[in-house]
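Have a look at the structure below before the remarks.
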Amino acid sequence: MYSLTSIPPGLFIILGALLIPIFSGRTRNVFMLVLPTIGLAGLLQFDVGIYWETKIFNQNLTPVRIDDLSLVFGYIFHLAAIISVIYAFHIRDTIQQVASLVYSGSAIGAVFAGDLITLFVYWEITAISSVFLIWANRTERSYRSGMRYLVVQVASGVLLLSGSVIYITETGSINFDKMSLVGFGPIFIFVAFGIKAAFPLVNGWLHDAYPNATATGTVFLSAFTTKLAIYALARGFPNADILIWIGCIMATITVIYALLENDLRRVMTYSLNTQLGLMVIAVGIGSNLALNGAVAHAFTGIVYKSLLFMVLGAVLVQTGTTKANELGGLRNSMPWTAAFAVIGAASISAFPFFIGFPSKSLILSATAYEGYWVVWGILLFASAGVFFNTGIRIPYLVFFGKQTDKKIVEAPANMLVAMGITSIICLLIGIYPKILFDLLPFNIAYEPYTMSHIITQLQLLSAAALVYVYANNKDLLSNNKIALLLDVDWFFRRGFPFIINYVFKFYWKIHQGLLSNLKINLSKIIGTVFKHHGPEGVLARTWPTGSTVLWVAILLALYVIVYFV
Amino acid sequence: MNNEMKETSKITDKRTVLKGDYRKNIMLWCLFTAAIIFLVLDLFFYRHSGFEPGSLGARIEGFAGAYSLIGLASMIFLIFVSKIIKKVIARNLDYYGDKDV
């Protein structure tokens, strides 16, 4: 008998997405909404366990492994897909629609992959399908950005495959479980995860590609790729000390970049990178509380980041820009969007009773319990920085700053509905975090709403806000010169092309030198041969019989001498 | 007539500016008051520290108003560091050429 558990989670959405082109208009919208909804309903029916295990080349492939860790990500990925589909209802672009659901489905499939090969397959599908969300902008800039994104994502896949092959050869195990960072296999896999998690020096793709995607595409992108990497790190490398320091660098550098950036979608990507840093720190700490914190923060991060990207997407659709210097005073023309922006901003800033608060409290507490006081200080800096850059700056510059002259109307209804649903989730989990805590992989007693937590968080936020308002009044934050900020994507766009060009020029010079020498020598040889064999050459002449006899006699004499010697 | 209009315009501009400044100052004072209230509240409520008692972390966290100070100091640090870093990493918008930004 057919049931919702007859097909692996994720695969159902991928296969369904391929049928999208046969529908049109509203039927297509309904079909697109039904796919992740049925997927979620199916997931709720699965019990913890291993499904569809098959033996290939003496190895057990586990296409679906359901446990507490994968379930949380499965739920939030389905939810993100549902909300993002509603947000994109007004889009009439088949490629974008198919790509977005294939991408969502593959990310869902990846979190339930029980072995490294299945993980690799889904990993690559996410890379290939997601690039269409960038290319869908159909501009030269988005095309180039998409190409760079694809190169990096495929490189991540290649590393994952190479690492997996080495790991399987060395250990004989294909299972995707906890690994120690010893040997090339696990290191390659770790770097592959790190690329997708936007580790320092390999995070250029995030700030390059996401702001160049379509307004709706960015909402999808923000939910899946990086959070899939956080899941993979939590599954494969919990308690890896190096992650704590990588996370610290991620969380601090990006705060500075976010303050300097003028494009607000790029500000959001830096802020996303900061949040990823907090999750990476928590995975690195690796205690049950910290891992719960990482998972909870990934969950809440998907919700509030989606909301803020949706807000900026709506602003982009209605005004044609997300440049801070071209926006301002939209609260009157887009009141609902402004309200949702404030909820998103409060959530990302971890205001008490908003969704970000419980998850950030978990990570801060875990850091303190393990005695990492330097890391704890960095977390506070990052938290205050995110509030500064995203919590205050984005709503202020877009909705409360100076009024723009453009005539703007409120965002389309479907966008408002999607933002409304996400805002309700922000408040619901913020007020009643038990809903989220019950889903977390480890059973721990933790109460985020103590007076101590609330007061200290409000102290931090009020101090940061005070500095912002003072600095803004004194014009210390004005971006007098709107500039492009050099980031690690410089290596792809300038560094590597320069090196390749230089190496190629060098090689070309050697090649030309060798070639010209060869030509000269060849022409010399040909000249010499021609001299002797040409029509006027010595060897071409008709020799008289006497000379021939003389030469034969000389040669015979030489032969006799050589023979006797 | 023209002079009259100019005068009126000047007055309106002045009012707008004053209004803007007034708003900003009010906002600043509200936030300052809020920060003071949270600082005072800190003295009255039991502060649960996650750090091991007696450790350096516990001593830093146990300091009344530690979070306010950290928030204040880190944001001032952020503004100054970003000013310096901007000089190093900022380039013209057409740095990557006409076809690419």
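This one's a predicted model, so the numbers in the text were calculated from it and none came from an experiment. Below, chain A is the first sequence line, B the second, and so on; all start at residue 1.
- Smallest separation of non-hydrogen atoms from A:G385 and B:M75: N-CE, 3.4 Å.
- Taking A:T269 as the reference, A:H207 meet the side-chain hydrogen bond (donor to acceptor under 3.5 Å, both in side chains) condition, with sequence neighbours excluded.
- Most heavy-atom pairs under 4.5 Å with chain B: of the set A:Y257, A:Y470, A:W373, this distinction falls to A:W373.
- Between A:L260 and B:S82 the shortest heavy-atom distance is CD2-O, 3.5 Å.
- Residue B:A66 touches chain A through its backbone alone, counting heavy-atom pairs closer than 4.5 Å.
- Both the backbone and the side chain of A:T456 have a heavy atom closer than 4.5 Å to some heavy atom of chain B.
- Interface remark: B:F45 contributes side-chain atoms only to the contact with chain A (heavy atom separation under 4.5 Å).
- Taking B:S49, B:G57, B:S68 one by one and counting their heavy-atom pairs under 4.5 Å with chain A, the maximum is reached by B:S68.
- Contacts between residues 248-256 of chain A and chain B, counted as heavy-atom pairs separated by less than 4.5 Å, involve A:V255, A:I256.
- To the nearest 0.5 Å, the span separating CD1 on B:I89 from CG on A:L485 amounts to 4.5 Å.
- At a 4.5 Å heavy-atom cutoff, B:S55 makes no contact with chain A through either its backbone or its side chain.
- The greatest number of non-hydrogen atom pairs below 4.5 Å with chain A, out of B:I70, B:V88, B:I37, B:V81, is found for B:I70.
- Other residues, nucleotides and ligands contribute only 12 or fewer heavy atoms inside 6.0 Å of the CZ atom of B:F32.
- Going from atom CG of A:L458 over to atom CG of B:D42 covers 11.0 Å, rounded to the nearest 0.5 Å.
- A cation-pi contact, defined as under 6.0 Å to the ring centre and within 45° of the axis, is absent between A:R141 and B:Y96.
- When side chains are defined from C-beta on, B:I60 counts as touching A:W376, because their heavy atoms get closer than 4.5 Å.
- Atom CD in B:E52 sits 13.0 Å away from atom OH in A:Y369 (nearest 0.5 Å).
- Listed options A:Y468, A:Y372, A:W490, A:F387 were ranked by heavy-atom pairs under 4.5 angstrom with chain B; first place goes to A:W490.
- Within the 4.5 Å cutoff, no side-chain heavy atoms of B:L78 are placed close to those of A:V467.
- B:N92 is not listed as a side-chain neighbour of A:L484, based on a closest heavy-atom distance of 4.5 Å or more.
- In this structure, NE2 on A:H453 lies 7.0 Å from OH on B:Y67, to the nearest 0.5 angstrom.
- Side-chain atoms of B:K83 come within 3.5 Å of backbone N or O of A:L476 as a donor-acceptor pair.
- Counting heavy-atom pairs closer than 4.5 Å to chain B, the top-ranked of the candidates A:L364, A:D487, A:L380, A:T139 is A:L380.
- Between B:A35 and A:S462, the shortest heavy-atom contact is CA-OG, 3.6 Å.
- Here A:Q459 contributes atom CD and B:L41 contributes atom CG; the two are 8.5 Å apart, rounded to the nearest 0.5 Å.
- In this structure, the separation between OG on B:S74 and CG on A:L460 is 6.5 Å, given to the nearest 0.5 Å.
- Environment of CZ in A:F400: crowded, with over 12 heavy atoms of neighbouring residues, nucleotides or ligands closer than 6.0 Å.
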Next on the checklist: What verdict does the side-chain contact (heavy atoms from CB on, under 4.5 Å) test give for A:L486 and B:Y95, after you've listed the backbone C-alpha separation in whole Å, the side-chain angles of each residue and the deciding distance to 0.1 Å?
Outcome noted: CA-CA 9 Å; A:L486 290 186; B:Y95 175 75; 3.5 Å; yes
